[in-house]
Amino acid sequence: MFTKMQLTQYTTLYRIGKPFKTGAVIVDLENKDFQQNDTIPYFQVEEKDNKINFIYNMSKEDVVYGLGETLGALNKRGKIYRFYNTDDPEHTPEKMSLYGSHPFMILDGKSTFGLFIDYPSEIIFDIGFTDKDILKITVPSKDFDLYIFDSDEKLSIIKEYFNLTGKPYIPPKWAFGFQQSRWSYFSEEEVRNVAKKFRETGIPCDVIYTDIDYMDSYKVFTINKEKFPNYEGMVKDLKEIGIKVIPILDPGVKIEKGYEMYEEGKDKGFFCVDENGNDFVAAVWPGATHFPNFLNSEVRRWWGKKYKLFTDMGIKGFWNDMNEPSIFYTPKGLDNLFELLKDLEENKENAGIEVFLARETLLNIANNPEDYRSFFHKLDDGSLINHDKVHNLYGFNMTKATADELKELNPNERYLLLSRSSYPGLHRIASIWMGDNKSWWEHMLVNIRMLQSLNMMGFFYTGADIGGFGADSSAELVIRWMELGAFTPFYRNHTALNTRPQEPWQFDEESLNIMRDIVRLRYAFIPYTYSEYMNSVKESVPFVKPLSFVFEGDRVKDIEDQYMYGDSLMVAPVHEQNKKGRYVHLPDVKWLNWTACKYGERNMKVYEPGDYYIQAYLNEIPLFIKENSLIVLSEPMNYVGEKDITELTVIGLVSDHAIYNYYDDDGTTYNFTKGEFGNLKIDITKVGKDFKIDVKPYDPANILKIKKIHFEIYDSDGSVIKKDMTL
């Protein structure tokens, strides 16, 4: 049934039929020699009802990791996951689908292996839900690729996956700064006032987003001239104070005569079509729209060139949304609802179940599976393919259109590029955020778990909407979430229409002061964050890692609300209401605890391995530096790049020997690929009661501006030695 090809020592491809070329894999598989194969390692394979099931008997100790943007525990056992990209703003625990599909998993236990299924439509992973010890994967097709990664090391499996699908995307350095958004800032004046408030309150900020209301009647690639009379001038003025403006863009093109995007797309045949060959109609924000056919390369070039409207203004980032694609309703769906309502009106005196049916029809009118089976894409070779068969690729190809054209416009410039919908391979060109979460404490835990799972997929630069997108948030929740967000790569406060504002100054003065300290601490950590991020990409190792990916033992496999942020720092956020601390597990080595949110204030304590209750008041977050590891800090700035970093502070717990490779580059170009970067190798050795410190610079492109380093090195007994070094 399958054909087999050995790609590397650890990676084997098993192919059935003629898979659609998704673009997920960067390895050239054309004209390769395949061999006949009847079995798949680890799995029993059964063919039933035109579906293929892969069945694995899990042992009690098996842990399942991966699957990216999914709800539930970090260990994926006990739940069903459906990979079919879905715009669902209600992220409740039973949901099987979200915006992205990432069918890559690692099973760690009696046997350890990885698996990736490259198939762009629905896949079901039943991981011990129907039967608690059975893993069952169902693919309703006989045309797909299945990759097995045969290694006992989880990080080696991930490295193999990256070799297959590509290294993670690298944003500009300023993208690691704080970002502020809201649905919506309704006018140019409001955006300018938000920017002004950040600078007046002394809270660092690098980005402000404009959501859908900057557009003219929600028409993509337009600007509402009444609300935003000088959008370009606003972009330039905010740039002067170090703030970048990022607009949102949606794929739906409003059906309106005289509207350039509509007229061009219609004339050139660039829209998806229905079964009769007519342009498919669905409703989103502007009302009736057509969907561009992004699976066609000519359409992608046409769409990508439209971003020049914004790049000519100096805009350096884009936010692609609603690209599952989201469908509010179709004319057919609306007709069905009206028919039910008509029957209900005619029989209102005896209405019973009819009311229930009408309610269910209304609830299910959006993103209805029947609608996705009702339109088609015209491919480059002229053939048609039903959207349902390639559904999970729509947002990927919309974002590919953006990324390809940005590379054409400015080939050596990095952009911040976000997509809501995703598929494997998108992590090479852009990243994602976690979508429409809620202002719930439970969603802080979702944030922590998903952050770790998405890093396994290559989405290193990711995070959730700080404070929660839907519902009203308390000051305490926003503060605790700001503390968590300070140690995630993507750090954006965003909330929805008709919810309580969440900008740091919207609460009491004490809360404002705490949030200012948190953001300033984030900026102090940017040298460490950026250095660790770039080193992680280079080494193909997740930037954020579960403890079980670093330390051995069954105990760490149970820890899902602590994570390694780079190689040196463990983060243990407080994510429960009214708590003044939390229990933490400290594995294997000694740890230096720094529980503070104010840069410059440090009350450090050394802990042996074990379980502890760590006090952390509202203005504190538990951070732990691993034994024989170092972190680097700088003075906070108002925005990334406001001034050169001339002084670094190095903090570490050194019981015998620690090395840190500090990396930096210009932060905006790809010149680092040509060797234009700087590196400081910081080497600290314990010698008696003192420390020998050696710093070796590598800086051929004159990137580093560091003149002085302040060392704060702790011994395993908690004593500290402070030294300064002039370079």
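In this structure, the side chain of K643 does not engage the main chain of V640 through any donor-acceptor pair within 3.5 Å. Side chain of Y461 to backbone of A175: a donor-acceptor contact under 3.5 angstrom is found. In this structure, S439 contributes its side chain and G470 its backbone to a donor-acceptor pair below 3.5 Å. Although no hydrogens or angles enter the test, the distance criterion places a donor-acceptor pair under 3.5 Å between the side chain of S536 and the main chain of E532. Judged by distance alone, with hydrogens and angles left aside, the side-chain atoms of K316 form no donor-acceptor pair with the main-chain N or O of T668 at under 3.5 Å.
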For Y530 and D665: C-alpha separation, side-chain torsions, deciding distance, then whether side chain to side chain donor-acceptor pair (under 3.5 Å) applies.
CA-CA 10 Å; Y530 188 72; D665 57 37; 2.6 Å; yes
Carefully, step by step, assess E90 and K438 under the rule salt bridge (charged side-chain N to carboxylate O under 4.0 Å, His left out).
CA-CA 8 Å; E90 302 300 325; K438 289 286 201 299; 3.2 Å; yes
Determine, step by step, whether R199 and Y639 satisfy the side chain to side chain contact (heavy atoms under 4.5 Å, CB included) criterion, reporting the C-alpha distance in whole Å, the side-chain angles of both residues, the deciding distance to 0.1 Å, and the verdict.
CA-CA 10 Å; R199 293 298 177 250; Y639 57 92; 3.5 Å; yes
Derivation of the side chain to side chain donor-acceptor pair (under 3.5 Å) call for D644 and T646:
CA-CA 6 Å; D644 290 337; T646 58; over 6 Å; no
Would you please test Y670 and E676 for side chain to side chain donor-acceptor pair (under 3.5 Å) and show each step?
CA-CA 9 Å; Y670 293 98; E676 295 185 19; over 6 Å; no
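Annotation: F487 is not in aromatic contact with Y563 [ring centroid separation under 6.0 Å not met]. A centroid separation of less than 6.0 Å is found between the aromatic rings of F176 and Y533. For W591 and H585, the gap between ring centers reaches or exceeds 6.0 Å. Between Y209 and W319, the ring centre distance stays below 6.0 Å.
Summarising the local packing, CG of D508 is surrounded by more than 12 heavy atoms from other residues, nucleotides or ligands at distances under 6.0 Å. Shown here is K707, whose NZ atom has no more than 12 heavy atoms of other residues, nucleotides or ligands within 6.0 Å. Atom CD of E509 sits in a sparse spot, with 12 or fewer heavy atoms from other residues, nucleotides or ligands closer than 6.0 Å. Atom CG of D611 sits in a crowded spot, with more than 12 heavy atoms from other residues, nucleotides or ligands closer than 6.0 Å. Summarising the local packing, NZ of K723 is surrounded by more than 12 heavy atoms from other residues, nucleotides or ligands at distances under 6.0 Å. Around the OH atom of Y613, the shell of radius 6.0 Å holds more than 12 heavy atoms that belong to other residues, nucleotides or ligands. Counted within 6.0 Å of CD on E552, heavy atoms from surrounding residues, nucleotides or ligands total 12 or fewer; the atom is thus considered open.
Donor-acceptor pairing under 3.5 Å is recorded for the side chains of D717 and S719. Between the side chains of H657 and N628, no donor N or O sits under 3.5 Å from an acceptor N or O. Side-chain contact, S540 with K167: a donor N or O sits under 3.5 Å from an acceptor N or O. Y599 and E601 share no side-chain donor-acceptor pair at under 3.5 Å. Between S629 and D567, the side chains place no donor N or O within less than 3.5 Å of an acceptor N or O (distance only, hydrogens not considered).
The side-chain heavy atoms of K95 and T92, taken from C-beta on, include a pair separated by under 4.5 Å. Two residues are said to be in side-chain contact when any heavy atoms from C-beta on lie closer than 4.5 Å; M434 and V446 fail this criterion. In this structure, the side chains of I157 and T112 come closer than 4.5 Å at one or more pairs of heavy atoms. Side chains of H494 and I466 form no contact here, defined as non-hydrogen atoms less than 4.5 Å apart. In this structure, the side chains of I170 and M534 come closer than 4.5 Å at one or more pairs of heavy atoms. Side-chain contact check for N513 versus R516: some heavy-atom pair is nearer than 4.5 Å. Two residues are said to be in side-chain contact when any heavy atoms from C-beta on lie closer than 4.5 Å; P204 and R520 meet this criterion. Using a 4.5 Å cut-off on side-chain heavy atoms (C-beta onward), D561 and L445 make contact.
When each of N437, D465, N447 is paired with W481, the side chain to side chain donor-acceptor pair (under 3.5 Å) condition holds for N447 and for no other. The one candidate from L680, V650, I631 that meets the side chain to side chain contact (heavy atoms under 4.5 Å, CB included) condition with Y662 is L680. The side chain to side chain contact (heavy atoms under 4.5 Å, CB included) test with F178 is passed by exactly one of N493, D206, V207: N493.
In this structure, H575 NE2 and E442 CD are separated by 11.0 Å, a value rounded to the nearest 0.5 Å. Rounding to the nearest 0.5 Å gives a distance of 7.0 Å between NZ of K545 and CG of L155. Distance check: R582 CZ to I614 CD1 gives 9.5 Å after rounding to the nearest 0.5 Å. Put simply, CG on L74 and CG on L451 are 10.0 Å apart, with the number rounded to the nearest 0.5 Å. Atom CD of E635 is separated from atom CD of E642 by 12.0 Å, given to the nearest 0.5 angstrom. Atom CD1 of I706 and atom CG of L727 lie 7.0 Å apart (nearest 0.5 Å).
Shown here are the ring-ring contact (aromatic ring centres under 6.0 Å, His included) partners of Y663, two or more places apart in sequence or in another chain: F677.
Taking 4.0 Å as the cut-off between side-chain N and carboxylate O, E647 and K708 do not count as a salt-bridged pair. Salt-bridge annotation for D715 and K590: absent, with no side-chain N of the basic residue lying under 4.0 Å from a carboxylate O of the acidic one. Under 4.0 Å is where a charged nitrogen must lie from a carboxylate oxygen, and between D683 and K696 no such pair does. For D666 and K173, the salt-bridge test fails: no basic side-chain N is under 4.0 Å from an acidic carboxylate O. Between K686 and D656 there is no salt bridge, since none of the side-chain N atoms of the basic residue sits less than 4.0 Å from a carboxylate O of the acidic one. Salt bridge present: E712 and R602 bring a charged side-chain N and a carboxylate O closer than 4.0 Å.
The aromatic rings of H427 and Y161 sit parallel, their planes meeting at an angle under 30°, below the 60° perpendicular limit. Classified by interplanar angle (parallel below 30°, tilted 30° to 60°, perpendicular above 60°), the ring pair Y565/Y528 is tilted.
In this structure, H102 and S422 approach most closely via the heavy-atom pair NE2-OG, 2.8 Å. The two atoms that bring G467 and V478 nearest to each other are CA-CG2, 4.3 Å, heavy atoms only.
Within the structure, side-chain hydrogen bond (donor to acceptor under 3.5 Å, both in side chains) pairs that include any residue of residues 62-75 comprise S59-D62, Y65-S548, T70-K76 (at least two apart or interchain). Screening residues 618-633 for salt bridge (Lys or Arg N to Asp or Glu O under 4.0 Å) gives no qualifying pairs among residues at least two apart or on separate chains.
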